[in-house]
Amino acid sequence: MRVIQAASESQFIASAADHLCRHVLDHPGSLIAVPTGRTPLGLYHALRTRSDVELQALRTARYLNLDEYQGLGAGDPRSYADFLTRQLFTPLAIPALQVRLVHGDAHDSVAECEAVEAHIRECGGIGLAILGLGANGHIAFNEPGTPWSTRTHVAPLSHETLTVNERVAGGQVLPPRGLTLGIATLRAARRILLLAAGTSKREALAHLLDGEPQVDWPATSLIGHPDLTVLCAPELADVPAPGAGRAAGRAASLSPP
Ligand code: GLP
């Protein structure tokens with residue numbers, strides 16, 4: 001696990017953008033799994049002003065959202081598909097054929113989850129998964145207690161996640177379930193960039209940096225991943241660094257739940 005502590009908000013954003021741009025330059029056509037939420041907003045905005053070469057490389061990549069609310073189609077302004085289209089795909093002029101959105105409104109959600117997994121396989125796996133972090137340690141919509149063997153699946157959302165997300169969505173009611181890439185799917189990504197921002201993430205980040213895999217803290221499932229970078233925003237600078245914990249960086253495979 002590589003931990004990068006950003007000294008400022010602008011450094012946090014620049015570091016995330018550098019990471020993504022370097023990846024698409026080195027791995028043209030790679031499949032990138034992208035997050036929603038407040039955390040990646042600065043990154044998505046900053047990408048618009050990258051060099052022409054980097055923008056061109058970003059346009060050769062393929063994209064997949066990490067998760068979606070069950071029942072919401074891409075035209076619904078509450079959907080993650082709509083968020084990503086407005087914040088990332090349209091401003092960067094990413095060709096529509098290179099974007100695979102998880103269809104929250106699919107008639108058969110289980111079949112849609114299987115189709116997402118098939119798409120990942122067809123793309124040769126996820127090259128880079130960019131993740132946010134929930135206050136309760138969730139990654140994508142994998143809530144505490146989710147078995148680490150799960151692939152893309154329909155997930156019930158915790159009361160805490162729904163409450164936070166509805167507040168962020170300006171009080172709109174959100175569906176109680178989501179379709180999400182599973183923990184096994186995310187762990188299989190060749191490279192992972194986890195973005196930790198916001199003081200509410202302190203406890204979740206501390207568990208991740210502590211190095212002790214715990215099923216109640218889904219982000220700790222990433223411990224031991226061969227290419228994991230954790231980028232921390234300045235407000236999280238006081239969270240104990242790896243080495244302070246019992247077994248920093250040890251392989252998650254030693255004790256999967
Ligand atoms: C949602 C998303 C997650 C995201 C999390 C954090 O629940 N499903 O993928 O990482 O929120 O959001 P924020 O960045 O707004 O804190």
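Below, each value reflects all heavy atoms present in this structure, side chains not excepted, and no hydrogens, waters or symmetry copies. Source: prediction; values computed, not measured. In listed order, ligands and their atoms are each counted from 1.
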Protein contact to [atom] [nearest heavy atom, distance to 0.1 Å]:
atom: atom 2 (C) of ligand 1; result: Tyr80 OH, 3.5 Å
atom: atom 12 (O) of ligand 1; result: Gly37 CA, 4.0 Å
atom: atom 15 (O) of ligand 1; result: Arg38 N, 2.7 Å
atom: atom 7 (O) of ligand 1; result: His138 NE2, 2.9 Å
atom: atom 6 (C) of ligand 1; result: Leu133 O, 3.6 Å
atom: atom 4 (C) of ligand 1; result: Thr36 O, 4.1 Å

Show the atoms of ligand 1 that are less than 4.0 angstrom away from any heavy atom in [X].
X: Gly132; answer: 10 (O)
X: Thr39; answer: 13 (P), 14 (O), 16 (O)
X: Lys201; answer: 13 (P), 16 (O)
X: Asn165; answer: 1 (C), 7 (O)

Consider only side-chain N and O atoms of Asp105 and His103, and report whether a donor and an acceptor are under 3.5 Å apart.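 No pair is found: no donor N or O on one side chain lies under 3.5 Å from an acceptor on the other.
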
Using a 4.0 Å heavy-atom threshold (strictly under), name the region of Asp67 that reaches ligand 1: side chain, backbone, both or neither. side chain

Of the side chain and backbone of Ala140, name the one, both, or neither that has a heavy atom under 4.0 Å from an atom of ligand 1. backbone

Do Ser109 and Glu112 pass the side chain to side chain donor-acceptor pair (under 3.5 Å) test, and can you show the C-alpha distance, the side-chain angles, and the key distance before you say yes or no? CA-CA 5 Å; Ser109 296; Glu112 171 62 4; over 6 Å; no

Just do the side chain to side chain donor-acceptor pair (under 3.5 Å) check on Gln214 and Thr220 with the steps written out, would you? CA-CA 6 Å; Gln214 293 176 67; Thr220 67; 5.9 Å; no

According to the salt bridge (Lys or Arg N to Asp or Glu O under 4.0 Å) rule, which pairs have a member within residues 226-239, sequence neighbours left out? Arg2-Asp227, Arg191-Asp227, Arg202-Asp238

If every non-hydrogen atom of Leu101 is compared with every non-hydrogen atom of Thr85, which pair is closest and at what distance? CD1-OG1, 4.4 Å

Specify the closest pair of heavy atoms between Val215 and Thr146, including all atoms of both residues, with the distance to one decimal. CG2-O, 3.8 Å

Go through Phe89 and Phe83 one step at a time and tell me if the ring pair (Phe, Tyr, Trp, His ring centres under 6.0 Å) criterion holds. CA-CA 9 Å; Phe89 304 137; Phe83 173 96; 9.9 Å; no

Partner set under ring pair (Phe, Tyr, Trp, His ring centres under 6.0 Å) for His19, not counting sequence neighbours: none

